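Quick caveat: nothing in here was measured; it's all calculated off a predicted structure. Each ligand, and each atom within it, is numbered from 1 in the order the structure gives.
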Amino acid sequence: MAPSLENEVPNKSRVTVVGSGNWGSVAAKLIASNTLKFPSFHDEVRMWVFEETLPSGEKLSEVINRTNENVKYLPGIKLGKNVVADPDLDHAVRDANMLVFVTPHQFMEGICRKIVGKIREDAEAISLIKGMEVKMEGPCMISTLITEQLGINCCVLMGANIANEIAVEKFSEATVGYRQNKEIAEKWVRLFSTPYFMVTAVQDVEGVELCGTLKNVVAIAAGCDLLMLFLPFYFLKHFQLLFLSNGEFGTDSTGFVDGLEMGNNTKAAIMRIGLREMKAFSKLLFSSVKDNTFFESCGVADLITTCLGGRNRKCADAFARNGGKRSFDELEAELLQGQKLQGVSTAKEVYEVLNHRGWLELFPLFTTVHEICIGHLPPSAIVEYSEHTPKFSLLEGSAQFY
Ligand SMILES: NC(=O)C1=CN([C@@H]2O[C@H](COP(=O)(O)OP(=O)(O)OC[C@H]3O[C@@H](n4cnc5c(N)ncnc54)[C@H](O)[C@@H]3O)[C@@H](O)[C@H]2O)C=CC1
Ligand SMILES: O=C(CO)COP(=O)(O)O
């Protein structure tokens, strides 16, 4: 049973973080430092934990409350004594008027269903979730899902935010996207901002959220692109031994590409083309999306950091290194150890939208990423496709997107 709430103090905002993965835990840490600082917030930050039993036999939530660390998803980092892990979702959300949603996107529909009618009427939400759902009616952003299912306003916070870096207080920026109410957006900015985490608000929920969502697809491409440079050598025995024996891909592989003096240009090309497709796709879905949003932290900066150092890139690198013979599910389990990959399912969701609307030809990078992920194309297609200039000229010629 989770520890009980502190005594009620009127008019103070009470924050609950729904999610306690890698980023969820860091978000709780950031917030907890500010709820202690500002009298307008209750000190305590409740963090809903999807309960699991650790190899030691203990419950994760109990260990978090005992050690003040999320030993599974963010080991070695103290969250702040005012963070209370709570495995009971209803209990965790019922007193909060500021709900921070930060779970892998595939779980959000189920979570919303469980808490319908169980939250405060005056609750405000913010989503830190990068992903979307595709329904019969079309694509549905996670903030929209929250608003529609729970009947509450929902802002978003996205940015160049590799959680492990923010956990050790390396300087980062982030973007809050809001719809109408600037005052609420400013309250979220205050809740998250620290000297090492600089948050800016823009009035463009869809633009901010689509940036955060779509860059994960480009990061998969960036991961494949890395391996592309190795394919000619792939079957040489010593490379096979090097790549397949130690299970360490990230740093070694990047150094290797650097050694070939080819990788950075190729990766930059993938990012540039990816950014164009992100912008075109976002504007086709929502004409309100603003150009400037792509220059905020949620746009180009998040694209760069994820393509260089994110989990999507890491798994795609391993996928390509194995010639597509090991599934993303298998690689995710092995390399991320419980953390979740968003780019592969987002690529599928984007593909469904493109296919349904007859836009596949307009988005060769997004389309190719999905076809590689499902094994219809080899990883090498990610670079081959860039030779299909006629497809690109369709995009180049679509002036209304740019
Ligand atoms: N990790 C990062 O560096 C960043 C992540 N994000 C985004 O934040 C969102 C959450 O990511 P993370 O906190 O990193 O999560 P994560 O990738 O660490 O995922 C693991 C979390 O999922 C939970 N989980 C597993 N099965 C579940 C189920 N059936 N129902 C509910 N929860 C379940 C686990 O308990 C754990 O809390 C994602 O959309 C991600 O794209 C955004 C910025 C940075
Ligand atoms: O969103 C992220 C950084 O802003 C994290 O990306 P990954 O999920 O690829 O690690």
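- Neither the backbone nor the side chain of M158 comes within 4.0 Å of ligand 1, counting heavy atoms alone.
- In this structure, Q342 has no heavy atom closer than 4.0 Å to ligand 2.
- Considering only non-hydrogen protein atoms, atom 7 (C) of ligand 1 sits nearest to L128 O, 3.7 Å.
- Assignment of G19 to the shell around ligand 1 is not supported, since no heavy atom sits closer than 4.0 Å.
- Of all the heavy atoms of N22, the ones lying under 4.0 Å from any atom of ligand 1 are found in both the backbone and the side chain.
- Side chain of E209 to main chain of I142: a donor-acceptor pair is present (N/O by atom type, distance under 3.5 Å, no hydrogens or angles).
- Counting only non-hydrogen atoms, the option in E165, M158, R311 that gets closest to atom 10 (O) of ligand 2 is R311.
- Between F319 and F328, the ring planes lie parallel to each other; the angle is under 30°, not in the 30° to 60° tilted range.
- Inclusion of G159 in the set of residues having an N or O under 3.5 Å from an N or O of ligand 2 is warranted.
- Against a heavy-atom cut-off of under 4.0 Å, K130 is close to the following atoms of ligand 2: 1 (O), 2 (C), 3 (C), 4 (O).
- Of the heavy atoms in Y73, only side-chain atoms (C-beta onward) come closer than 4.0 Å to ligand 1.
- Considering both main-chain and side-chain atoms, D302 comes within under 3.5 Å of ligand 2 through a nitrogen or oxygen pair.
- Heavy atoms of I129 found under 4.0 angstrom from ligand 1 belong to the backbone as well as the side chain.
- Taking both residues in full, the closest heavy atoms of A185 and A201 are given as CB-CB, 4.2 Å, listed atom of the first, atom of the second, then distance.
- Closest to atom 44 (C) of ligand 1, if we only count protein heavy atoms, is N161 O, 2.9 Å.
- Below 3.5 Å of separation, one finds no N or O of R313 facing any N or O of ligand 2.
- L331 and C315 get closest at one heavy-atom pair: CD1-O, 4.0 Å.
- Side-chain atoms of K59 and T53 include a donor-acceptor pair closer than 3.5 Å.
- For the pair M158 and G212, the tightest heavy-atom approach, listed with the atom from each and the gap, is SD-CA, 3.9 Å.
- Near E52, the atoms of ligand 1 lying under 4.0 angstrom from a non-hydrogen atom of the residue are 35 (O).
- Enclosure of atom NZ in K135 by more than 12 non-hydrogen atoms of other residues, nucleotides or ligands within 6.0 angstrom is indicated.
- The heavy atom nearest to atom 2 (C) of ligand 1, considering only G159, G309, A167, A163, is found in A163.
- Checking side-chain atoms of N65 against main-chain N and O of A85 turns up a donor-acceptor pair under 3.5 Å.
- Between F41 and N34 the shortest side-chain heavy-atom distance does not fall below 4.5 Å.
- In this model, no donor atom of one side chain and acceptor atom of the other lie less than 3.5 Å apart for D43 and N82.
- Residue contacts with ligand 1, taken as heavy atom pairs separated by less than 4.0 Å, involve K130 via backbone and side-chain atoms alike.
- When hydrogens are left out, the protein atom nearest atom 20 (C) of ligand 1 is G338 O, 3.5 Å; that is the closest non-hydrogen contact.
- No donor-acceptor pair under 3.5 Å is formed between the side chain of S143 and the backbone N or O of S127.
- Every atom of ligand 1 with a heavy atom of I162 under 4.0 Å away is listed here by number and element: 3 (O).
- Nearest heavy-atom pair across N161 and A174 is OD1-CB, 3.6 Å.
- Considering only non-hydrogen atoms, atom 9 (C) of ligand 1 lies nearest to T103 out of T103, V49, L74.
- No hydrogens or angles considered: a donor-acceptor pair under 3.5 Å links the side chains of D204 and T293.
- The backbone N or O of V84 lies less than 3.5 Å from no partner atom in the side chain of R46, so there is not a single donor-acceptor pair.
- In this structure, the protein non-hydrogen atom closest to atom 35 (O) of ligand 1 is F50 CB, 3.5 Å.
- What sits closest to atom 4 (C) of ligand 1 on the protein, heavy atoms only, is W23 CB, 3.5 Å.
- Contact atoms of ligand 1 toward K340: 16 (P), 17 (O), 19 (O) (distance under 4.0 Å to a heavy atom of the residue).
- In this structure, atom 37 (O) of ligand 1 lies nearest to the protein heavy atom G21 N, 3.1 Å.
- Nearest protein neighbour of atom 19 (O) of ligand 1, counting heavy atoms only, is P104 CG, 3.4 Å.
- Residue contact annotation: R311 has a non-hydrogen atom under 4.0 Å from ligand 1.
- The one candidate from D302, T346, T213 that meets the side-chain hydrogen bond (donor to acceptor under 3.5 Å, both in side chains) condition with K130 is D302.
- For atom 6 (O) of ligand 2, the closest non-hydrogen atom of the protein is K215 NZ, 3.3 Å.
- The aromatic rings of W188 and F192 lie tilted to each other, with the angle between the two planes from 30° to 60°.
- Every atom of ligand 1 with a heavy atom of S20 under 4.0 Å away is listed here by number and element: 37 (O).
- By the neighbour-count criterion of 12 heavy atoms within 6.0 Å, atom CZ of F171 is densely surrounded, having more than that number from other residues, nucleotides or ligands.
- Nearest protein heavy-atom neighbour of atom 9 (O) of ligand 2: N312 ND2, 2.7 Å.
- Considering backbone and side-chain N/O of Q342, one or more are found under 3.5 Å from N/O of ligand 1.
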